[in-house]
Number of protein chains: 2
Amino acid sequence: MKKGISKKPLDSASVCGHEDPAAVRELLTKVGDKWSIFLILSLAQLPGGRARFSELEKAIPGISQRMLTVTVRSLERDGLLTRELFAEVPLRVEYELTALGRSLLPPMWGLVDWVKENWQQVKESRTEFDAR
Amino acid sequence: MKKGISKKPLDSASVCGHEDPAAVRELLTKVGDKWSIFLILSLAQLPGGRARFSELEKAIPGISQRMLTVTVRSLERDGLLTRELFAEVPLRVEYELTALGRSLLPPMWGLVDWVKENWQQVKESRTEFDAR
DNA sequence: CAGCATCCTCAAAGATACTG
DNA sequence: CAGTATCTTTGAGGATGCTG
């Protein structure tokens, strides 16, 4: 029985099917999301693994205030980070990854590393493809 | 000098900045894409690591014919898979991952495994969050 | 400072019909 | 079979203005 080149018992059902296909797909879409990835990685590498709103805004070039708000809220809802409000003047809010959020770092690094190592090759492939 | 909880030399510049920030971001968005992930994983696990169009359509529940075409073309352009046309009747086309495409499998498995291991906990977190 | 609310745009993606 | 072409819809996301 040929099973493809997969080294893991990862058949169609376990990838797309699973117990709750829609749930797995939805979450995969989310952890694969550009802003989620940048937010989590940025937060992890900021001093103390904590950062306030404005620091995240600076750390993630190109993100709009709205998307930062939306993304951060969504990740908080998923239990990947915490939001702590300090009732000072001016207002201060600090975000920090939870244990669950930190557990996501290694897989994310894996993906980011791959991109950093291979994007040149992908670029070349595109150039060649477009020439045809 | 505190550098956050990152264990890798992954400062802001190397994640978001890099040599070509836009390129890295764009490619990350792509390899994080739902359909790209499902397509690559499905292809890898199909017998021989090869599959024809209709097989992929069956292997990826919910994908439309159009999105399958678009995704497969895009991955071919990026050099992640090859498209081989057999001029028979009826027509036959086979897709296969390239070495570059296969090199993407481990990082993808990492992400998928994380989702499969933690989506229940995420679900609980959402329920709790929504209760407030 | 750290947002929320609102309006608006445009690209991603589904549906449908047709073809080499 | 494996697409392409076209139309339509959805919603991600930007811009702007306001507030605790």
Side-chain angles (χ1 to χ4, degrees), chain A residues 16 21-22 25-39 42-43 46-47 50-78 81-96 129-130 132, chain B residues 16 21-22 25-39 42-43 46-47 50-78 81-96 129-130 132:
Chain A
C16 302
R25 178 177 308 182
E26 185 271 341
L27 188 50
L28 197 52
T29 300
K30 183 156 193 180
V31 297
D33 172 66
K34 177 177 56 179
W35 296 134
S36 296
I37 293 178
F38 288 137
L39 182 40
S42 295
L43 195 49
L46 283 166
R50 292 176 70 86
R52 35 199 307 189
F53 192 85
S54 52
E55 290 175 321
L56 289 172
E57 223 170 347
K58 279 173 228 156
I60 309 169
I63 196 170
S64 66
Q65 187 195 49
R66 186 179 170 279
M67 283 318 295
L68 180 54
T69 303
V70 169
T71 306
V72 98
R73 203 69 69 213
S74 166
L75 295 175
E76 185 195 359
R77 178 170 179 259
D78 287 357
L81 55 78
T82 56
R83 175 182 185 272
E84 194 172 358
L85 171 73
F86 298 88
E88 309 169 349
V89 179
L91 200 62
R92 181 164 57 105
V93 175
E94 287 192 359
Y95 296 95
E96 185 173 7
F129 184 92
D130 293 341
R132 299 184 301 226
Chain B
C16 303
R25 178 179 308 182
E26 185 272 338
L27 188 50
L28 197 52
T29 300
K30 183 155 193 178
V31 297
D33 172 66
K34 177 178 57 179
W35 296 133
S36 295
I37 293 178
F38 288 137
L39 182 40
S42 296
L43 195 49
L46 283 165
R50 293 176 69 87
R52 35 201 304 189
F53 192 86
S54 53
E55 290 174 320
L56 289 172
E57 221 170 348
K58 279 172 229 155
I60 309 169
I63 196 169
S64 66
Q65 190 192 44
R66 185 180 170 281
M67 283 318 294
L68 180 53
T69 302
V70 169
T71 306
V72 97
R73 204 70 71 212
S74 166
L75 295 175
E76 185 197 359
R77 178 170 179 261
D78 287 357
L81 55 78
T82 57
R83 175 181 184 273
E84 195 171 359
L85 172 73
F86 298 87
E88 310 167 351
V89 180
L91 200 64
R92 180 164 58 103
V93 175
E94 287 192 0
Y95 296 95
E96 185 174 8
F129 184 92
D130 294 340
R132 298 183 302 224

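Only heavy atoms go into these numbers, but all of them, side chains included; no hydrogens, no water, no symmetry mates. Numbered from 1 within each chain, the chains take letters A, B, ... in sequence-line order.
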Item checked: For chain A, the stretch of DNA chain D it reaches, first to last nucleotide, under 4.0 Å of its heavy atoms -> D:dG13 to D:dG20
Next item on the list: Please report the shortest heavy-atom distance between B:I60 and B:F38, naming the atom on each side.
Entry: CG2-CB, 3.9 Å
Item checked: Worked check of side chain to side chain contact (heavy atoms under 4.5 Å, CB included) between B:R83 and B:V93 -> CA-CA 7 Å; B:R83 175 181 184 273; B:V93 175; 3.8 Å; yes
Notebook entry, point to check: Which distance, rounded to the nearest 0.5 Å, do you find between the OG1 of A:T29 and the CH2 of B:W35?
Noted result: 8.0 Å
Using nucleotides 9-11 of chain C, report all nitrogen or oxygen pairs with the protein that are shorter than 3.5 Å.
none

Note to self: Students often get this wrong, so: under 4.0 angstrom with heavy atoms, is B:F86 touching a base, only sugar-phosphate, or nothing?
What the structure shows: nothing
Check: Of the non-hydrogen atoms in B:L68 and B:F53, which two are nearest, and what is the gap between them?
Finding: CD2-O, 3.6 Å
Checklist line | Whole angstrom value for the distance that separates C1' of C:dC1 from CD of A:E88 | finding: 11 Å
Note to self: So which atom in B:I37 and which in B:G32 form the shortest heavy-atom distance, rounded to 0.1 Å?
What the structure shows: CD1-O, 3.5 Å
Notebook entry, point to check: What's the CH2-C1' distance between B:W35 and C:dA13, to the nearest Å?
Noted result: 10 Å
Item checked: Gap between atoms CD and C1', on A:E94 and C:dA2 respectively (whole Å) -> 13 Å
Next item on the list: Estimate the overall bend of the helix from C:dC1-D:dG20 to C:dG20-D:dC1 from the end axes over five pairs each, rounded to 10 degrees.
Entry: 60°
Item checked: Reported CD-to-CG distance for the pair B:E94 and B:L81, which is rounded to 0.5 angstrom -> 13.0 Å
Next item on the list: Provide, to the nearest angstrom, the distance between the CZ atom belonging to A:F53 and the P atom belonging to C:dC1.
Entry: 11 Å
Next item on the list: Would you kindly give the CG-to-P distance between A:D33 and C:dA12, to the nearest whole Å?
Entry: 15 Å
Note to self: Less than 4.5 Å apart, side chain to side chain, heavy atoms only: is that true for B:I63 and B:L56?
What the structure shows: no
Margin query: Could you work out, with side chain to side chain contact (heavy atoms under 4.5 Å, CB included) as the rule, every residue matching A:S54, not counting sequence neighbours?
Written below: A:R52
Check: When rounded to the nearest 0.5 angstrom, what is the spacing between CG in B:D33 and CG in B:L27?
Finding: 11.5 Å
Next item on the list: Heavy atoms only: give me the nearest B:S42-B:A59 pair and the separation to one decimal.
Entry: OG-O, 3.9 Å
Margin query: Heavy-atom nearest nucleotide on DNA chain C for A:E55 versus B:S64: which residue maps closer to 5'?
Written below: A:E55
Check: How close or far is atom P of C:dA13 from atom CD1 of B:I60, stated in whole angstroms?
Finding: 14 Å
Notebook entry, point to check: Residues from residues 66-75 of chain A sitting under 4.0 Å of DNA chain C, heavy atoms only?
Noted result: A:R66, A:T69, A:R73
Checklist line | Nearest heavy-atom neighbours spanning B:E55 and B:R50 | finding: OE1-O, 4.5 Å
Notebook entry, point to check: Is a side-chain donor or acceptor of B:S36 paired with a backbone partner of B:V31 at a separation under 3.5 angstrom?
Noted result: no
What side-chain donor-acceptor pairs closer than 3.5 Å can you find for residues 70-77 of chain B, not counting sequence neighbours?
residue, atom, partner, partner atom, Å
B:T71, OG1, B:M67, O, 2.6
B:S74, OG, B:K30, NZ, 2.2
B:R77, NE, A:D130, OD1, 2.9
B:R77, NE, A:D130, OD2, 3.4
B:R77, NH2, A:D130, OD2, 2.8

Next item on the list: Quick one: label B:Q65 by what it contacts on the DNA or RNA (base, sugar-phosphate, nothing), any heavy atom closer than 4.0 Å.
Entry: base
